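Note that the structure is predicted; figures quoted are calculated from it, not measured. Side chains included, hydrogens not; waters and symmetry mates left out as well; all remaining heavy atoms used.
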Amino acid sequence: MKKLFALIMALVITAAIVCVPVLGMAESAYTANEEASVDAYNALLYNYSNIKAFSTAEEAAEKVSEVKYSFPDEYAGAFIDNSGKLVVCVTGEAGKFIANSKALLENDKVEYKYVDYSHNQLMDAMQTVEKLMAIDDELGAQIVGAYTRYTDNVVIVQITDLNENITNRLQEQFIESDGTEVKQPMVRYEKGDYLIPEVSNEAGDRVAIEVSTAYGDEWAGYSVGFRARKYINGAYVEGFVTAAHGVETRISNDVEDGYGGLGILTPKVGEVVSHSMGGVCDASFIKNHGSHTVTNEISGSSPKLSYWLYGYYSVPENATIYKTGYSGGNKSGTVTSTNYSFSYQSYPNTVFSDFYKSNYSSSSGDSGGLVYYRTSTDTYIAGIHSGANNESTAACKAGNILSTLSLTLSGLE
């Protein structure tokens, strides 16, 4: 980890990309390639962030909520290939960009792939789709999600009724301003379903939060995400992060340990002091009550969470990702997109964006559970679990949680 930090501070850049391992390739070789690629990917993001404006790693960690990214037009995303190596996509006159990247990376295993559309163009298309999703009309109601696939240089729009009338109306939004067709389809379409929030109404979840419903105050079960702290009234208060859906607009909700059964009097562990549900965030910050604390140890596993520069880790497309939840336990999957927009079935006009899209398995009660990346030596926070459907799962990114709720990480090693 110290070696990685030294590389980053020297602006050694790399990147990451993962799929199905090459047939006959040793799993250990693939894993080693992926780990190096994910390190490289985080160094790549670091290079396009404002973190270099902070004088020390400690300052970067303290001001993690202020981290922003700005990507050049030549950059078109990155992914892990089926040998575990990083592929950086580029577009336009990218010769200078590639030369600079190679000089910074000093890694001849990173590959570069020319594509038609830049990251910025793909994100413009995503914003167009998100605006349509937020409109309460026939077309908007058909769109349940959208996500980037850097591997294919496309945005994929998920609609409930995959028919030519709907796709033609959507495609009109992506015609060039002069009326010409795009170079190749920037946007593709597939049948999709709404995501379901995975809050449990059964006893025994990790924490139980008193939530407001149409029928009065009730209890809902969530999983614990990660430890954090918030500056309130001149001092830091310790707490932890979990999901926000179901909490509605009320704060100071009671939070109990959940082990006695929902609605049964159990020790109060904290209270909801801030939350956000919509846009890039689906998370609540729970202020600790009394002696309660979160250890940053993963349930059912030995490693504690590690500290990476400003705290959290970013996981690239096709890399392995892990989830732990009280109901569904510890599971792994693959990141199928690093830019996922969607709506929950219970909140059809609330659009969420910039989430991880993955395929790890989950269960009711896993909402808020930790999503992380691990290497042979370290385990890093990536985000928290949000919801799922039959095809995929969604996870809210740690960076967006910290920024939206003005939090910093706490208790990492």
Do Glu111 and Lys85 sit within salt-bridge range, that is, some charged N less than 4.0 Å from a carboxylate O?
no
Electrostatic pair Arg374-Glu35, nearest N-O below 4.0 angstrom
no
Interatomic distance, [X] atom [atom1] to [Y] atom [atom2] [nearest 0.5 angstrom]:
X: Tyr373; Y: Ile321; atom1: OH; atom2: CD1; answer: 10.0 Å
X: Glu138; Y: Asp161; atom1: CD; atom2: CG; answer: 9.5 Å
X: Met186; Y: Asp116; atom1: CE; atom2: CG; answer: 9.5 Å
X: Ile381; Y: Arg227; atom1: CD1; atom2: CZ; answer: 11.0 Å
X: Leu139; Y: Glu172; atom1: CG; atom2: CD; answer: 9.5 Å
X: Tyr222; Y: Ile384; atom1: OH; atom2: CD1; answer: 10.5 Å

Tell me whether Lys357 forms a cation-pi arrangement with Tyr147, defined as NZ or CZ under 6.0 Å from the six-membered ring centre and within 45 degrees of its axis.
yes
Identify whether NZ of Lys or CZ of Arg in Arg229 sits under 6.0 Å from the centre of the six-membered ring of Tyr236 and within 45° of that ring's axis.
yes
Do [X] and [Y] have a side chain donor and acceptor closer than 3.5 Å?
X: Asp193; Y: Asn390; value: no
X: Asn359; Y: Ser392; value: no
X: Glu34; Y: Thr320; value: yes
X: Gln171; Y: Tyr189; value: yes
X: Asp282; Y: Tyr344; value: yes
X: His245; Y: Ser386; value: no
X: Tyr75; Y: Asn120; value: no
X: Tyr356; Y: Glu317; value: no

Does [X] have more than 12 heavy atoms from other residues, nucleotides or ligands lying within 6.0 Å of its [atom1]?
X: Lys191; atom1: NZ; value: yes
X: Lys230; atom1: NZ; value: yes
X: Tyr114; atom1: OH; value: yes

Got a sec, which residues hit salt bridge (Lys or Arg N to Asp or Glu O under 4.0 Å) with Glu164, two or more places apart in sequence or on another chain?
none
Run the salt bridge (Lys or Arg N to Asp or Glu O under 4.0 Å) test against Glu190 and tell me which residues pass, sequence neighbours left out.
none
If the test is ring pair (Phe, Tyr, Trp, His ring centres under 6.0 Å), which one of Tyr360, Tyr380, Tyr372 qualifies with Tyr322?
Tyr372
Identified ring pair (Phe, Tyr, Trp, His ring centres under 6.0 Å) partner of Phe352 from the options Phe342, Tyr194, Tyr347
Phe342
So, Asn42 side chain and Tyr313 main chain: donor-acceptor pair closer than 3.5 Å or not?
no
Flag the pair His385 / Thr393 as yes when at least one side-chain heavy-atom distance between them is below 4.5 Å, and no otherwise.
yes
As a quick check of understanding, evaluate side-chain contact (heavy atoms from CB on, under 4.5 Å) for Val154 and Val187, giving each step before the final call.
CA-CA 6 Å; Val154 297; Val187 180; over 6 Å; no
Taking the six-membered ring where the residue is Trp, are the ring centres of Phe71 and Tyr48 under 6.0 Å apart?
yes
Centroid-centroid distance, Tyr340 to Phe355, less than 6.0 Å
no
side-chain contact (heavy atoms from CB on, under 4.5 Å) with Thr242: of Val224, Val272, Ile286, Leu370, only one passes, and it is Ile286
Could you walk me through whether Asn339 and Tyr150 satisfy the side chain to side chain donor-acceptor pair (under 3.5 Å) test, starting with their C-alpha distance in whole Å, then the side-chain angles of each, then the deciding distance to 0.1 Å, before giving a yes or no?
CA-CA 10 Å; Asn339 302 292; Tyr150 293 131; 2.8 Å; yes
Give the intermediate values and the outcome of side chain to side chain donor-acceptor pair (under 3.5 Å) for residues Asn330 and Thr324.
CA-CA 4 Å; Asn330 300 326; Thr324 184; 2.4 Å; yes
For a side-chain contact (heavy atoms from CB on, under 4.5 Å) check, start with the C-alpha distance between Ile159 and Val157, then their side-chain angles and the critical distance, and finish with the verdict.
CA-CA 6 Å; Ile159 55 181; Val157 180; 4.1 Å; yes
